[in-house]
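Report on one structure; see the data block that follows.
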Amino acid sequence: MLDIRFIRENQDIVQKNAENRGYRDVSIAKLLELDGQKRILQQEVDELRERRNQNSAKMKGGKPEQELIDEGKRIKVELSTREEYLTGVSAEFQVMIEGVPNMAFDDVPVGGEEASIEIKQFGEQDTGAVDHLDYATARDWLDFERGAKVAGAKFYYLKGDLALLEQAVTQYAIQFVTERNFTLMSVPHMVNQRTMTGTGFAPRSSDQSDEYSIEGEDLSLIATAEIPLTGYHADEIIDEADLPLRYAGISPCYRREAGAAGKFTRGLFRVHQFNKLEMYVFATPESSAAIHEELLQIEEGIWQSMEIPYHVINIATGDLGAPAAKKYDLEYWSPVDGMYRELTSCSNCTDFQARNLNIRVRRADGKVEMLHTLNGTAVSLARSLVAILEHCQTEDGKIRVPEVLRPYIGGREVL
RNA sequence: GGAGAGGUGCAGGAGUGGUUGAACUGGCUUGUCUCGAAAACAAGUGAACCGCAAGGUUCCGCGAGUUCGAAUCUCGCUCUCUCCGCCA
């Protein structure tokens, strides 16, 4: 969430920002009205508590006088009605402020998906490959039918060389990021509600929730390792000297993908479960923009080294999601679809997630403030396999293994 | 899953229902001393909210309750530890 003090002082631009991002229900005027009520109530409650404390201080030691006890009783009644009122207003306020999206940076294009701007391009826009689903199914590497039998639509098995290729990509990416000072983390695959919503994902009660929840437990399956990695330092104050903290979390990702269907979600491109290696950084506010660029560079480095053509887009406001101030997507060129398709993504969430989960930095001079968080996909396995399957088909119908992956698949050059 | 013990400040660790935001010890910071360091001594050392400030309120795992007043009593939850059971 945003800092309420910032909202108070910048009512108009916060409202405008929410509108740019497509948050039609956000009313900053209403939020501030509640904020005002809440502050008045808080003051009243504080004053009553002060009176209560003074009153009981008079009774320390000796036998209390009846008059003081009666006064205490009167304060108690008044206090409890005010407190109840305050609790209600606070809860309402909390729901509203959590619904306000992060402020987008000035260099983020305003508009919907179509307004996103291409900022980089790599490789050729080639054509003429066999669709990955048809190809992999024919080679008995991929089985959606049995996935459906066992779990349901959009579940799948990877078999044989494709399953091996997944491991190779994973190992290569782990090597790539750990060489760049990311600490590899194996994370909880389920998190509680606070961690889920604090990271910026919809609460389980919401019908828009893309997460699977465990019935009877305060647990949901993670949609990305970003979620448990954000929560890792919740309620902590980190010394400035220890920042940035760079983690790479590997985990399966579970997504309901309700309503997603159609030509461009075919096969492995959009599924209920996939593995992913996610970079995550806790950083000082002044360093986050530079680290964001670095995350993008790492993502580009991975795909350049595999010789997969791509471009990078600066995502427009309407497509940012709630926590990001700025987001880059790396989209690979699909020779099958003749268009760029999302492969990885990296976001600077500034202090939005940090404020939700109370993650702060203690400066050298002792001052404490919110830190910044960033996340970026190293590799998303299902989609990575799609990109490789589409790009590395040889004339005789095999798959040429990108050179950098060969050490991780027994030195094989062709599958 | 069953039984028991326990969750107090940066860490350890006291705490009788009212003088405890919290003893004491350690850590850390600053100062004195020193050529410098160590030692010693002295002072300081959590966070949130409101306020220009003075100051006020809140926080002793979390949440309810009892009370004029709760770190201290009651209940629920949660986490940690020990033992048993189960198990990759």
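So you know, we letter chains A, B, ... as the sequences are listed, proteins then strands, and number each from 1. Just so you know, these numbers come straight off a predicted model, no measurement behind them.
- For A:Y172, the ring-ring contact (aromatic ring centres under 6.0 Å, His included) partners are A:F176, not counting sequence neighbours.
- Taking atom C1' in both B:G76 and B:G15, the straight-line distance is 25 Å, to the nearest Å.
- A:E166 meets the salt bridge (Lys or Arg N to Asp or Glu O under 4.0 Å) test with no other residue; sequence neighbours excluded.
- Per the geometry, CZ belonging to A:R51 stands 15 Å off C1' belonging to B:G69, to the nearest Å.
- The aromatic rings of A:Y212 and A:H272 lie perpendicular to each other, with more than 60° between the two planes, well past the 30° mark.
- B:G69 atom P lies 10 Å from atom CD1 of A:I69, rounded to whole Å.
- Residues passing the salt bridge (Lys or Arg N to Asp or Glu O under 4.0 Å) test with A:D70, sequence neighbours excluded: none.
- With sequence neighbours excluded, no residue satisfies salt bridge (Lys or Arg N to Asp or Glu O under 4.0 Å) with A:D329.
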Taking distance alone, no hydrogens or angles, what donor-acceptor pairs closer than 3.5 Å link side-chain atoms of residues 220-227 of chain A to residues at least two apart or in another chain?
residue	atom	partner	partner atom	Å
A:S220	OG	A:S213	OG	3.3
A:T224	OG1	A:E226	N	3.0
A:T224	OG1	A:K276	NZ	2.8
A:E226	OE2	A:Q353	NE2	2.8
A:E226	OE2	A:N375	ND2	3.3

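- Using a 4.0 Å heavy-atom distance criterion, A:K76 is classed as a base contact.
- B:C77 and B:A43: their C1' atoms are spaced 44 Å apart (whole Å).
- Listed by chain and number, the residues in a salt bridge (Lys or Arg N to Asp or Glu O under 4.0 Å) with A:D218 amount to none (sequence neighbours excluded).
- Checking B:A23 for Watson-Crick or G-U wobble geometry (two distances, each under 3.5 Å) identifies no partner in any strand.
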**Report entry** Contact letters for nucleotides 46-55 of chain B, in which S counts primed atoms plus P, OP1 and OP2 and B counts the base, heavy atoms under 4.0 Å
**Finding:** -SSSSS----
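- In this structure, the CZ atom of A:R82 is 17 Å from the C1' atom of B:U57, given to the nearest Å.
- Shown here, B:G46 forms a base pair with B:C59; the pair counts as Watson-Crick or G-U wobble because both key distances fall under 3.5 Å.
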Sequence neighbours excluded and cut-off under 3.5 Å, please list the side-chain donor-acceptor pairs for residues 100-107 of chain A, or say none.
residue	atom	partner	partner atom	Å
A:N102	ND2	A:P323	O	2.9
A:N102	ND2	A:C349	O	3.2
A:N102	ND2	A:T350	OG1	2.8
A:D107	OD2	A:K326	NZ	2.7

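- With both pairing distances under 3.5 Å, B:A37 is matched to nothing as a Watson-Crick or G-U wobble pair.
- When both pairing distances are held under 3.5 Å, B:A3 makes a Watson-Crick or G-U pair with B:U82.
- A:N53 comes within 4.0 angstrom of sugar-phosphate atoms only, judged by non-hydrogen atoms across all strands, and of no base.
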Between N or O atoms, less than 3.5 Å apart, protein on one side and nucleotides 76-78 of chain B on the other: list the pairs.
none

